[in-house]
Number of protein chains: 2
Amino acid sequence: MFTVFTMTEPRDRILNCACELYLKDGFEGFSMRKLARRVGVTAPALYRHYENREKVLLAVVGQAHNVLARYLYRSLAGETPRERFARAGEAYLDFALDHPRYFQMIYSFAEFMGLDEVPEEVAEETCAVERFWHDRVRECVEAGLLRSHELEEIGLSLWAHAYGLISLYLHGMLDVPEETFRQMYAGSFVRLLRGIATPAYASELEAELEAEEALPDAGPVKPAAK
Amino acid sequence: MFTVFTMTEPRDRILNCACELYLKDGFEGFSMRKLARRVGVTAPALYRHYENREKVLLAVVGQAHNVLARYLYRSLAGETPRERFARAGEAYLDFALDHPRYFQMIYSFAEFMGLDEVPEEVAEETCAVERFWHDRVRECVEAGLLRSHELEEIGLSLWAHAYGLISLYLHGMLDVPEETFRQMYAGSFVRLLRGIATPAYASELEAELEAEEALPDAGPVKPAAK
DNA sequence: TCAGTCATGTTTACAGTGTTCACCATGACT
DNA sequence: AGTCATGGTGAACACTGTAAACATGACTGA
């Protein structure tokens with residue numbers, strides 16, 4: 001028995017194919033019959049392993065969250081709170097640009113399925129992302145970089161801002177090339193940062209901005225990340 | 001001929017019913033046969049007036065944009081740039097909370113339909129919203145409230161931030177009651193505002209914040225709107 | 001060895017979808 | 001009176017998600 005594929009549990013084989021199919025055809029093009037063909041089986045067989053289409057896609061959302069978690073986790077390799085913070089912002093962007101369909105899936109699943117409540121599992125995983133942001137903020141508050149007022153809500157501001165920018169871009173509302181968007185993301189990040197930074201850190205950012213303006217074309221793209 | 005309804009063009013009757021149906025059943029529940037029943041006609045008849053389902057929904061997106069435009073337009077009644085700016089932020093929020101389905105439709109249409117390009121008409125109308133924000137920002141820059149650097153991108157920051165917050169809330173990711181969310185929106189708005197305000201306006205905001213903290217429960221909910 | 005059970009598949013079927021086609025009524029204009 | 005566009009109909013096609021009934025083959029206990 002050297003063939004790994006036939007060894008894998010049917011549930012996992014289906015999930016793998018479901019991810020492939022979703023990433024290729026998107027939500028609209030995802031049908032149980034197509035999935036079955038890909039798995040090499042007829043459609044009703046899938047119902048032995050997943051209750052229905054919704055549950056299959058729910059599993060795909062889980063995968064999407066796993067991938068996001070890997071990206072975010074990597075940012076913890078940063079050595080200072082400040083660096084971890086900046087890297088987390090980049091990681092979130094990288095995830096969204098590398099896996100746009102996963103990004104959309106994470107946030108639009110309920111909308112797509114026509115549910116008016118987000119399923120428990122999804123809500124939990126989303127909550128984890130929120131906590132991750134919150135931890136990065138708390139660290140920076142303790143390091144004297146960010147204001148301590150409304151600690152809870154600062155994380156939300158950052159999250160919403162990043163999500164909003166990315167979402168508008170992915171929805172095709174911005175109509176700029178990817179590299180340009182990365183710069184806009186970084187720039188916008190700094191603007192928000194100025195609003196939540198302690199006076200000390202804010203004036204530091206200010207200095208970086210002025211230095212950048214002195215040599216406008218050669219300046220660093222992401223001052224906050226340095 | 002006193003009956004207005006039978007006088008209206010069939011295209012408009014269909015559009016009206018389509019809006020009703022979409023607002024009631026959402027995207028997932030929107031079918032041509034249901035629409036036909038509502039109009040009082042069989043499904044194929046609809047194709048005399050609209051090329052296909054996509055075009056019908058495109059018309060609904062147009063309606064959604066009209067409603068948004070009305071909300072934004074009202075904010076122009078503000079007497080100073082600063083007030084118009086604050087009112088625009090409120091109007092955007094009001095629209096989203098009053099018509100969540102329209103709000104989602106505006107930004108998720110292409111995603112829902114499985115298109116990878118946003119249709120021309122939608123792109124244009126979205127562009128108009130962006131310009132509206134841009135105008136509010138420009139006014140405030142000229143009035144010495146907002147920094148003049150990166151004028152273009154400041155509008156984007158504001159738009160993305162507002163969109164992100166609202167979108168997360170509507171997707172059920174925030175799990176707070178509406179009134180709480182309104183306060184979070186206002187608070188987050190001020191945080192970003194601090195990052196894009198001129199030093200003079202920023203210190204003014206700072207003063208308001210401190211005043212609010214002096215009497216934490218009785219303070220105004222939206223200092224930026226006053 | 002044999003009967004039984006369980007996991008996993010298949011075939012068939014149903015109701016619903018978007019859309020097309022061939023056909024038919026009606027009312028306006030030549 | 002005849003023509004023609006307008007706006008409707010019913011039947012049909014190729015899909016969809018999903019349920020019910022049935023088949024098969026591996027594993028188990030007697």
Side-chain angles (χ1 to χ4, degrees), chain A residues 1 3-22 24-61 105 108-116 119, chain B residues 1 3-22 24-61 105 108-116 119:
Chain A
M1 293 288 187
T3 52
V4 189
F5 296 118
T6 59
M7 293 280 301
T8 57
E9 291 292 315
R11 249 188 95 91
D12 296 338
R13 271 213 348 266
I14 293 173
L15 177 53
N16 280 341
C17 294
C19 289
E20 284 172 28
L21 179 60
Y22 168 71
K24 191 173 82 68
D25 288 7
F27 219 98
E28 197 71 1
F30 186 98
S31 90
M32 292 299 267
R33 283 181 164 89
K34 271 199 216 169
L35 174 56
R37 252 195 311 273
R38 191 171 274 261
V39 178
V41 102
T42 59
L46 301 175
Y47 291 82
R48 296 285 168 190
H49 308 279
Y50 288 92
E51 194 183 327
N52 51 31
R53 189 177 108 114
E54 179 182 328
K55 290 298 193 314
V56 176
L57 286 168
L58 210 53
V60 176
V61 177
M105 178 69 124
S108 308
F109 175 75
E111 200 177 338
F112 267 128
M113 297 299 302
L115 313 169
D116 27 38
Chain B
M1 293 288 188
T3 51
V4 188
F5 295 116
T6 58
M7 292 284 298
T8 57
E9 292 292 314
R11 249 188 94 91
D12 295 338
R13 272 215 345 269
I14 292 174
L15 177 53
N16 281 340
C17 293
C19 289
E20 285 173 27
L21 179 60
Y22 168 71
K24 190 172 82 68
D25 288 8
F27 220 98
E28 196 72 1
F30 186 98
S31 91
M32 292 300 267
R33 283 181 164 89
K34 272 198 213 168
L35 174 56
R37 253 194 309 274
R38 193 172 271 264
V39 178
V41 104
T42 58
L46 301 175
Y47 291 81
R48 297 279 169 195
H49 309 279
Y50 288 92
E51 194 184 330
N52 50 29
R53 191 177 107 113
E54 179 181 329
K55 289 300 193 314
V56 177
L57 286 168
L58 210 54
V60 175
V61 176
M105 178 68 126
S108 308
F109 176 74
E111 201 176 339
F112 267 128
M113 298 300 301
L115 315 169
D116 27 38

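Chain A is the first sequence line, chain B the second, and so forth, proteins listed ahead of strands; every chain is numbered from 1.
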Which dot-bracket string describes DNA chain D (Watson-Crick N1-N3 plus N6-O4 or O6-N4, or G-U N1-O2 and O6-N3, all under 3.5 Å; [ ] crossing; | other strand)?
|.||||||||||||||||||||||||||||
B/F27 CZ to C/dG18 C1': how many Å, rounded?
14 Å
Yes or no on side chain to side chain contact (heavy atoms under 4.5 Å, CB included) for B/D12 and B/E9, after CA distance, side-chain angles and deciding distance?
CA-CA 5 Å; B/D12 295 338; B/E9 292 292 314; 3.8 Å; yes
NA contact type, A/T42, heavy-atom cut-off 4.0 Å: base, sugar-phosphate, or nothing?
base
Tell me if a side-chain donor or acceptor on A/Y50 pairs with a main-chain N or O of A/R11 at a distance below 3.5 Å.
yes
Between atom CG in B/L46 and atom P in C/dT17, what is the gap in whole Å?
13 Å
Considering only heavy atoms from C-beta outward, does the side chain of A/L58 approach that of A/M113 to under 4.5 Å?
no
Roughly how many Å is it from CZ in A/F112 to P in D/dT16, rounded to a whole number?
18 Å
Rounded to whole angstrom units, what separation is found between the CZ atom of A/R48 and the P atom of D/dA26?
18 Å
Starting from P on C/dT8, measure out to CG on A/D12 and report it in whole angstrom.
12 Å
Applying side chain to side chain contact (heavy atoms under 4.5 Å, CB included) to B/P44 and not counting sequence neighbours gives B/T42
Once you apply a heavy-atom cut-off of 4.0 Å, does A/F30 come out as touching a base, just sugar-phosphate, or nothing?
sugar-phosphate
Side chain to side chain contact (heavy atoms under 4.5 Å, CB included) assessment of A/V56 paired with A/L46:
CA-CA 9 Å; A/V56 176; A/L46 301 175; 5.9 Å; no
Report the distance from atom CG of A/L35 to atom P of D/dC15, rounded to the nearest whole Å.
17 Å
What is the distance, to the nearest angstrom, from the CZ atom on B/R37 to the P atom on D/dG10?
14 Å
Does A/H49 place a side-chain N or O at less than 4.0 Å from the phosphate oxygens OP1/OP2 of C/dG9?
yes
The side-chain hydrogen bond (donor to acceptor under 3.5 Å, both in side chains) partners of A/K24 (sequence neighbours excluded) come to none
Centroid-centroid under 6.0 Å between A/F27 and A/F112 rings
yes
Sort me out a list of protein N/O and nucleotides 18-20 of chain D N/O pairs below 3.5 Å, or just none if empty.
residue	atom	partner	partner atom	Å
D/dT18	OP2	A/Y47	OH	2.9
D/dT18	OP2	A/R53	N	2.8
D/dT18	O5'	A/Y47	OH	3.4
D/dT18	O4	A/R33	NH2	3.2

With salt bridge (Lys or Arg N to Asp or Glu O under 4.0 Å) as the rule and sequence neighbours excluded, what pairs involving residues 41-53 of chain A come up?
A/E51-A/K55
Whole angstrom is fine here: how far is it from CD in A/E28 over to P in D/dT16?
12 Å
Give me each pair satisfying side chain to side chain donor-acceptor pair (under 3.5 Å) with a member in residues 26-37 of chain A, each pair once, sequence neighbours excluded.
A/D25-A/K34
